[in-house]
Each structure stands twice: as C-alpha cells, then as structure tokens.
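Notes follow once the structure below has been shown.
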Amino acid sequence: MPIRLHNSFTRQLEDLRPIVAGKVTMYNCGPTVYSSPHIGNFRSFLFADVLRRFLEDQGYEVTQVMNITDVGHLTLDDVEGGEDKMEAESKRTGRTAWDIAKQYTEEFQTCQEQLNVRLPHHMPRATDFIEQMGEIIEDLLKKGVAYEVNGNVYFEVGKFPAYGKLSGKVLDELEAGARVAVNKEKKDPRDFALWKVDDQHQMQWDGPFTGGQRGFPGWHIECSAMSMHYLGRSIDIHTGGEDNVFPHHECEIAQTEAHTGERFVGIWMHARHLLVDNTKMSKSLGNFFTVSDILAKGYTGIELRYALTRVQYRQSLNFTLHGLDEARKAIARVAEARKRLVRIREGEERAGGDDLKDVIQAAHDNFTASMQDDLNVSEALAATFDFVAACNKSEASVDGAKQALLAFARFEDVLAVFGDEPVASDAPPELVALLAKRKVAKASKDWATADQIRDEIGAAGWKIVDAAAGARLEKA
RNA sequence: GGUCGCGUAGCCAAGUGGUUAGGCAACGGAUUGCAAAUCCGUGUACCCCGGUUCGAAUCCGGGCGCGACCUCCA
C-alpha cells in the first residue's frame, strides 16, 4: 500500500511517488522569529514532524528542511512601505532586529525539544541566504519576468500564466486596492516584491544582483532559495499552514518555476488552523497560548503534543484546556498498559501463555493503514487504544509482552505522544522493605501499622498500588 | 461579494451506502480490611426538509447554523 497524501495543488489524495525512489525531500515553512511561537504554529510544525516520522517508519530516507524567517516578512500596515516584522518588533522594544531574531530562534528550538520534535536536518536562516536569493533575482530580471523600479524589484505576475493555480484564485479577482494601498511603482497590483530598497533597515545588504541597491529581500524569495539550495530544483513535499497558500506559496511557485522551468513541488500539504474554544486564537480574546504558557499551567510537552496532534492535520482542531486534561488521561491509559507489559517481561508479574501474535499484527496493520490514509492520526490513535484494551485483557507471555512493547515503541516512534517505555519499578530499596513490612502487618490484620506504613511511603513521594497480582510501588 | 470546509451520542473526535471507531466524562462490576490507583463492561448518535436506493448519517438537491481563506498570520 502506498502512502496517500492530500495535494493542495490538485485538491486530491495522491499516492506519494518520490522523485528518487526510497527518498523523500521535504520543505516545511517554519517560524517567523519576531515573537514567541504559539501553539497554533506548533500544530503545523508537529504535523510536519509526524509526516517525517511516518515516512521514516515506512522506510523512506527523508531530508527535511525547515526555514527560519528572520527578515523580510512585511507587516500589513506597511506592506509597501518597507518595514518588516523584525523591524517593527525592534522599534517596539528598542532592541536590535538581530537580537530579537536570535532570542526567538532559540525559544523556538527550545519548544521543539519540549514537544518531542525530531529536528529537521537543516534549519537555515533567511539572512544566511541573501546571495542565493540574489542569484534567482538576477535570473528573473534577465528572463524579463521581474522588473526594477527605483531599486525595488518586483515579480511580474502577468508573465507567469499559472499564477493562482495553487490557491484557486482567478487573477481578475485579485483586485487592486481591496485591502492594500495601491503601489504606483508596480505595473500590476498583484506583482510582489523580490527586493526592497531601504537604507534605514537594520538588516540590509548590498543588492546581491547586477545593479542591485542596498536593501533587503522580499518574504517569498527566501523559501525558493533555501529549498533549492538544500533539496534541488524539484522537491517531493512542501508543507505549511493554510494561510501560506496565498500569497506565500503561490509566489514561491511563480518565482521558482519561472527561474528553473521545472515543477517546483510534487505534493503541497497545508495544515488547517487551530481554533481555541472554537474560535480563532487571538491576543485580544485572551485565548492566545504560547508553548510556555501551557507548560506554566503544569502540563507536559507530551500532553500538549498529544492535544495538538490527535486530530488529522486537514481538520480544524479545537484546542481547549479540557482537551489537555483528556490528553493526560489518555496518555496515562497507554502508559499503564505498557507498565504491565514491562512487569511481565521483567518477571515482576506472572506471565500467561498468550503470545499476542494476532493482536499485535492487527495493531500494526490498523495503525499503518490509518497513517497511510493521509496521516489519519485519530484512527491511528484508535488502533493504539484498541491494542491497549486487547493487551490489558490478555494473559501475555513474556515473549508476547516483549513483542507488544515493541509495537508500542513503534507507535511512539511515529506519533511521539505517549512517552518513553515506562520502567517496571525503580523504587528505593528502603521503600521496598517497608512494603514488605506492610505485607506482614496486613497478614496479621494489623491495619494501624499497615496504614502507617502507607503514609510513610506516601510521604516519600510514592504510592502503594494494591493489585490482584500483589502490591507494588509507583511514583505518586 | 468570491473560494473552501464543517455540522456525529454529555464533551472531544474517526468513519462514509448495509457490519459496536476511539478518547474523556457518567453509570455498573472486578479487585481491596478501608482507601487510592488500575482493569473490565455499558452508549445504536450522525443539523432540518425533500430525492435516489431493497437499504442513507454516508450519494444528490434545497434550507438552516458554524468556521476558514481572499496580499499580518502556522
């Protein structure tokens, strides 16, 4: 069974057919580092991470590139005025744009670790690729699909007939002046900037193309440059949030394909936006969360990851704090089942005779089929929970437990929402001794002593679990 | 206005012409000296109205409601 993925470009599910058999090249639109990344950003990044993990699970050699946008992302208020997000934040805080970019890049990387993200192979910064952007601009100027006015360089959309195909926009509909002041420099209001002249800009470079003046690059050109640098002219998969479809990805296609004459991307994939309490996340509504906001409330990275991953990427996901509580319980259910299997494997709990072979096979098959179906994580989780129930009901043999744990390890490898394999028991010896004393007390019906010992163990941060198979200690 | 998506049991959420998705909660049971924890069991739900069909929550048409995008945004 091939992996089927939804291609935004064709609006259809398509079999993944990499350019080079067995290898997948993937580019993910990454963060703009002018403020703390929020959980909505991470829904997209986690989607990319799960995609990469599943491709690797399926035996593909993946090369993953995620850019860090540290320049040239123009603000709405000032789209044609030349100020970008980094500059705006700099003005607001009185710090340099370079400082701001550095701080938030580091914060982004910390969040990735907290959320159990497998790091992309390359995470290039736009500011390190000015020269490569210049090469593309130079070529587009030479080909006559870009033009220069007062030092500013624009891509001439009218020269690229396929413009609008990804987003489904008809050119005529992109009317001038709808939401943005008309820029008289442009031949056509739809034309977009490749290079902006601005000698006030903190981040400025000599124009990296013939006759180029000092300034900074437009937003879209960075992804074309970095994608081509690391992955070549044509790549298999390009991901981003749904808001990237237009204009960002539309512009990427235009400038890249006008430059190379080849198809830029095989499959475009876009993650639906996250909603919080059924409405768009925004600072003014008070439903805006960064990763650290959630961690500060006492939730773990993995709980947040579960909550952000559990719904398929193309469905809108409604994030709530209640959802985090549910995630915590669901994760615990999986952990409990794994713990029991570990105890059986380690000989700490009596093993049965069931090798769980059929159950394990069904779990693997269902999990794989779900993920192959355009990364249907909800179904893959259902397969996992069915497996939990089956394991709990079984009288697993030592080998059965061992194999079942390997299956759980695989599901964790792909989704990374359950955590590492739990340890059977690592209680300190003195507490184990106390537990033995309690057993004696209980046998002689000395409840006072037994309860006292339970309190002592509780005070040490552990709890006694009286199960049918005998009492054991677990971290409270 | 244009484009697109959604409406599933208390909540979250898969599925998509005939077979119990799953999670959380709730309820019942097992276990226990009591408790905690855990495990097992229990839900016949698909916005409304027409149509197609032997059969529709699933397809078609209409309606109502919600949301997203339309050069800030993952």
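We use all heavy atoms of the structure for the numbers below, so side chains are in, but hydrogens, waters and symmetry mates are not. Chain A is the first sequence line, chain B the second, and so forth, proteins listed ahead of strands; every chain is numbered from 1.
Within the shown strands, nothing qualifies as a pairing partner of B:U52 under the Watson-Crick or G-U definition with both distances less than 3.5 Å. Here B:U20 sits opposite no nucleotide as a Watson-Crick or G-U wobble pair (both hydrogen-bonding atom distances under 3.5 Å). Nucleotide B:G1 forms a Watson-Crick or G-U wobble pair with B:C70, both donor-acceptor distances falling under 3.5 Å. Nucleotide B:G41 forms a Watson-Crick or G-U wobble pair with B:C27, both donor-acceptor distances falling under 3.5 Å. Base pairing of B:U32 is not made with any nucleotide, judged by Watson-Crick or G-U wobble geometry with both donor-acceptor distances under 3.5 Å. With a cut-off of 3.5 Å on both pairing distances, the Watson-Crick or G-U wobble partner of B:G65 is B:C6.
Side chain to side chain, A:Thr368 and A:Asp365 fail the donor-acceptor criterion of an N or O pair below 3.5 Å. Under the 3.5 Å distance criterion, with hydrogens and angles disregarded, no donor-acceptor pair is assigned to the side chains of A:Asn244 and A:His270. With no hydrogens or angles considered, a side-chain donor-acceptor pair links A:Thr69 and A:Glu222 at under 3.5 Å. Inspection of the A:Asn28 and A:Thr239 side chains reveals an N or O donor paired with an N or O acceptor under 3.5 Å.
Under the 30°/60° scheme for interplanar angles, the aromatic rings of A:Phe411 and A:His364 are found to stand perpendicular. Ring geometry, A:Trp268 versus A:His249: the interplanar angle falls from 30° to 60°, so the pair is classed tilted.
Close placement of the A:Phe45 and A:Phe108 rings is indicated, their centers lying within 6.0 Å of each other.
Here the P atom of nucleotide B:A37 and the NZ atom of A:Lys339 are 13 Å apart, to the nearest Å. Rounding to whole angstrom units, NE2 of residue A:His270 and C1' of B:U3 are separated by 15 Å. Put simply, CH2 on A:Trp219 is 7 Å from P on B:A74, counting in whole angstrom units. One can place CG of A:Asp455 at 15 Å from P of B:A36, the figure rounded to the nearest angstrom. Summarising the geometry, the separation between CD on A:Glu395 and C1' on B:C39 is reported as 12 Å, rounded to the nearest angstrom. If you measure from atom CG of A:Leu166 to atom P of B:C70, you get 13 Å, rounded to the nearest angstrom. Between the P atom of B:A13 and the CZ atom of A:Arg314 lies a distance of 16 Å, rounded to the nearest Å. For the pair A:Ile464 CD1 and B:C34 C1', the computed distance is 13 Å after rounding to whole Å.
Within 4.0 Å (heavy atoms only), A:His38 reaches at least one base atom of the nucleic acid. Residue A:Gly323 is classed as having no contact, given no heavy-atom separation below 4.0 Å to the nucleic acid. A:Lys442 comes within 4.0 angstrom of a nucleotide base, judged by non-hydrogen atoms across all strands. Contacts of A:Thr320 with the nucleic acid, taken as non-hydrogen atoms under 4.0 Å apart, are absent.
Contact annotation: side chain of A:Asp466 to base of B:A37, donor-acceptor pair absent below 3.5 Å. For A:Arg454 and B:A35, a side-chain-to-base donor-acceptor distance below 3.5 Å is present, hydrogens and geometry of angles not being considered.
On the C1' atoms, B:U44 is 14 Å away from B:G18, given to the nearest whole Å. Straight-line distance between the P atoms of B:G7 and B:G43: roughly 24 Å, to the nearest whole Å. Taking the P atoms as reference points, B:G23 lies 12 Å from B:U42, given to the whole Å. Nucleotides B:G15 and B:G22 have their C1' atoms positioned 11 Å apart, rounded to a whole Å. Rounded to whole Å, the P atom of B:C60 lies 14 Å from the corresponding atom of B:C4. B:G63 and B:G55 have their P atoms separated by 26 Å, with the value rounded to a whole Å. Taking atom P on both B:A13 and B:C72, the two are 29 Å apart, rounded to the nearest angstrom. Only the P atoms considered, B:U38 is 31 Å distant from B:A45, to the nearest whole Å.
Taking the nucleotide of RNA chain B with the nearest heavy atom to each of A:Leu317 and A:Glu336, the more 5' of the two is matched to A:Leu317.
Taking 4.0 angstrom as the limit, A:Lys463 places none of its side-chain polar atoms (N or O) nearer than this to OP1 or OP2 of B:A35. Look at A:Asn392 and you'll find a side-chain N or O under 4.0 angstrom from OP1 or OP2 of B:C40. The phosphate of B:C69 (OP1 or OP2) has a side-chain N or O of A:Lys280 nearer than 4.0 angstrom.
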For this session: Assign a letter to each nucleotide of nucleotides 14-27 of chain B from its 5' end: B, base within under 4.0 Å of a protein heavy atom; S, sugar-phosphate only; -, no contact.
Result: SS-----BSBBS--

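Under the salt bridge (charged side-chain N to carboxylate O under 4.0 Å, His left out) criterion, the residue pairs touching residues 107-127 of chain A are A:Glu56-A:Arg118, A:Arg118-A:Asp413, A:Arg125-A:Asp128, with sequence neighbours excluded.
The only option from A:Ile100, A:Thr32, A:Val33 that meets the side chain to side chain contact (heavy atoms under 4.5 Å, CB included) definition with A:Asp70 turns out to be A:Val33.
With B:A74, B:U38, B:C40 as the candidates, the nucleotide lying closest to the side chain of A:Lys393 is B:C40. The listed nucleotides are B:G33, B:C40, B:U71; the one nearest the side chain of A:Asp451 is B:G33. Nearest to the side-chain atoms of A:Asp243 among the listed nucleotides B:A36, B:G41, B:A74 stands B:A74.
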Below 3.5 Å, can you tabulate the donor-acceptor pairs from side chains in residues 331-338 of chain A to any protein atom, sequence neighbours excluded?
{"unit_1": "A:Arg338", "atom_1": "NH1", "unit_2": "A:Gly419", "atom_2": "O", "d": "2.8"}

